[in-house]
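Note sheet for the following structure.
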Number of protein chains: 2
Amino acid sequence: MSEATIADVARRAGVSAATVSRFLTGHSVRAADLIRAAIEDLDYRPSPLARSLRSGRTRSIAVIVPDVTNPFFAAVVKGAETVARQDNYNLFLYNTDEDVEREVAVLADLVGRVDGAILAPTVESDEAPLRAHQAGLPVVFLDREIDGSPMFDAVLVDNAGGSRRAAEHLLDLGHRRIAIVNGTPHSTPGRQRCESFLETLKSRGVEPPGPYQERGDFREEGGYQAVMRLLALEYPPTAMYVTNNLMTAGALRALHDIGIRVPDQLSIVGFDDLQLAALLLPPLTVVDRPMEEQGALAMRLLLRRLHDNQDSVPRRIVLETKLLVRGSTAPPPDARPRPGLRAQPTAVSFSTTRRPSN
Amino acid sequence: MSEATIADVARRAGVSAATVSRFLTGHSVRAADLIRAAIEDLDYRPSPLARSLRSGRTRSIAVIVPDVTNPFFAAVVKGAETVARQDNYNLFLYNTDEDVEREVAVLADLVGRVDGAILAPTVESDEAPLRAHQAGLPVVFLDREIDGSPMFDAVLVDNAGGSRRAAEHLLDLGHRRIAIVNGTPHSTPGRQRCESFLETLKSRGVEPPGPYQERGDFREEGGYQAVMRLLALEYPPTAMYVTNNLMTAGALRALHDIGIRVPDQLSIVGFDDLQLAALLLPPLTVVDRPMEEQGALAMRLLLRRLHDNQDSVPRRIVLETKLLVRGSTAPPPDARPRPGLRAQPTAVSFSTTRRPSN
DNA sequence: TTGAAAGCGCTAACAC
DNA sequence: GTGTTAGCGCTTTCAA
């Protein structure tokens, strides 16, 4: 069952390989019918490898994300795949596990293997995308950027707006002791979500002390630990903003383990919706955004760049976010926001396990 | 910035291209140091395309799943990717959306593009994998099989055991009016989970009537609709088994919308854990299994087959499942299991929207 | 329009 | 161990 080659088809159709090749690439050919028949008979399929070697184009795209297991990135990948398939592109998937080394290695290995890449870079100081770009590999940034990257296409979200609305929501409810559980500040979303949230608080006269500003790692365990630390403070916050979905899951687990009642004792706002977020009791208030669409747009941008030979001006698309107010946010339990009066205990254990948080 | 070729390296090192090639493939060569230096200087990277064309091996594997957005498949993909990367393999990802046409197209297109494929086939009657196999493409089945596929490697789970334990759990709690919300019966898990569950019930003298046996589609909406129909019955079940995670999410949404209290009014067991399942109120009782491991094992099987030239005997791995009893299951509300007495109303609305279920 | 010929970058025989 | 030669299967000049 060895594969038929273009030469076999040519022979059978009584033409040259070149003619078959022209037929395949859409040029008009006299012996079209014979060739079609020969292809059919031989079940001929052009070798994508040979084609790519010759043409220099692979018709494949790499999508590089920290973790497909994160529902956000899963959605992104799905959106990207759907668009790619419409244009007959194939999709390579790489997980970096938020590991810069890994990302550098992947990117370096990609040149010559794909026509372009969609990348959610691990840190903003990353230089690998620049090298890839210089090596002629078009890169579209997804959700995150790197420093000084005006020459790259990017599909981002309005982290600032979403975080501002989250902050305003909590302030409007009357919270003053508001904490933020942030991911790594070296990434675009980590930085933007934090900055905007804190600024909004500040503009309303609320400045969370250091221990209220947790730096996690965008992972579930980070969210869990951060919440544990926050609730061990002498004056724990009455509200918190958790800046990504995985950490939110961890935070909820921590609250559940300690036995904190949401929102009676503590209000919580997450970033990115989760599968069952609306079914939790209380349903979770989150900053939401179009996830599959973000992946789809990134792929569209990339394909556009591949097809428009002229190196068109880089495009940055910023998607809107939306605050979904559900049940996990409510006014604070205590009308006396100033620590000075003893905060009423909100759980059995946490005030005894006081721990400083750097 | 055009890429250096093997000829450039050879020239610079003062040897022939063949020698450089030998060096690259690990053979011992006299001029190793010079070649290494030349490669370094020129930042030479062998073209994977040319290499593949010549050698016939691509060092890439296709993973074909219905939907990466399903947490189970996301985990599978992650497991597979992790193993692939250890062996320097690249991973193509394809979503089929449970569409057989799409699956056939993908599989046909794969020959010559990858060294092997991991596939979760859409239906058991699928013939495409056989054709791929005949065309020389090694295929490993994941989670699902096709009819008469003894020549394929496969990594499955003990659907029967898990479903049996789910059934026994509900029976032991005293339930008699037990429903099953199943996915498509044309897939291995759909069939096995259903058969085993029903058999177990039967062996204990419980035979759910037709309307208690819902056939969904393994999607969230299917679960939602199925539950809506079940609860519109004159004698709704007191317990239900939902055979996959997406449908379980839909089922929970339906219960939430109608206002059914779990487990007081209705017990529910799902298949596959979900991100927040343990945090729901009540936390969800599910049949769990190792998800990433399933993907990792599939990749290992495939790589083993690629490297063992001898066509080793096909391997079927069946992973164990585990019933995680959490809070969504409890004894039935009513000690009178026999319909005959009017079932007590369990929600405001559902008894008025009675709808026959085929 | 078409065929002949060259070559994409690499590896695998084959002699030495 | 090494160089020479011959392709892997295709596309793209170049003449006709």
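Per chain, numbering begins at 1; letters A, B, ... match sequence-line order. No hydrogens, no waters, no symmetry mates; every other heavy atom, side chains included, goes into these values. The structure displayed is predicted, hence computed values, not measured ones.
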inquiry  = Please check: side-chain N/O of A:Thr82 versus main-chain N/O of A:Lys78, any donor-acceptor pairing under 3.5 Å?
reply    =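 Between the backbone of A:Lys78 and the side chain of A:Thr82 there is a qualifying donor-acceptor contact (under 3.5 Å).
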
key: Strand-adjacent residues in residues 17-24 of chain B, judged by heavy atoms under 4.0 Å from DNA chain C   =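 Residues of residues 17-24 of chain B that come under 4.0 Å of DNA chain C are, in numerical order, B:Ala18, B:Ser21, B:Arg22.
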
inquiry  = Distance alone, cut at 3.5 Å: any donor-acceptor contact between the side chains of A:Asp217 and A:Thr184?
reply    =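 No.
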
message = Salt bridge or not between A:Asp109 and B:Arg85? Use side-chain N to carboxylate O under 4.0 Å.
response =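 No, this pair does not count.
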
key: A:Arg102 and A:Asp97 ion-paired at < 4.0 Å   =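 Result for this pair is no, no salt bridge flagged.
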
task = Name the nucleic acid region contacted by B:Ser47, choosing base, sugar-phosphate or nothing; use a 4.0 angstrom heavy-atom cut-off, strictly under.
result =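 Sugar-phosphate contact only - B:Ser47 comes under 4.0 Å of backbone atoms but never of a base.
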
task = For A:Ser28, answer base if it contacts any base atom (sugar-phosphate contacts may also be present), sugar-phosphate if it contacts only those atoms, and nothing otherwise; contact means non-hydrogen atoms under 4.0 Å.
result =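 Sugar-phosphate: the residue A:Ser28, judged by heavy atoms under 4.0 Å, touches backbone atoms but no base.
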
ask   = If you count the non-hydrogen atoms of other residues, nucleotides and ligands that lie under 6.0 Å from CD in B:Glu101, is the total more than 12?
value =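 Atom CD in B:Glu101 is not packed in, count stays at 12 or less.
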
request  = Establish, with yes or no, whether the OP1 or OP2 oxygen of D:dT11 is under 4.0 angstrom from a side-chain nitrogen or oxygen of A:Arg51.
outcome  =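 Checking D:dT11 against A:Arg51, a side-chain N or O does come within under 4.0 Å of OP1 or OP2.
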
inquiry  = Taking only side-chain N and O atoms of A:Thr5, does any of them lie within less than 4.0 angstrom of OP1 or OP2 on D:dG9?
reply    =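 Checking A:Thr5 against D:dG9: no side-chain N or O falls below 4.0 Å of OP1 or OP2.
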
inquiry  = Please report the interatomic distance CG(B:Leu91) to CG(A:Leu93), rounded to the nearest 0.5 Å.
reply    =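 It is 6.0 Å, given to the nearest 0.5 Å.
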
ask   = What nucleotide among D:dT11, C:dG3, C:dA12 has an atom nearest to a side-chain atom of A:Val15?
value =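 Minimum distance to the A:Val15 side chain belongs to C:dG3.
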
ask   = If each of B:Val29 and A:Ser55 is mapped to the nucleotide of DNA chain D with the nearest heavy atom, which maps nearer the 5' terminus, i.e. the 5' end?
value =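 Per heavy-atom nearest nucleotide, the more 5' residue is B:Val29.
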
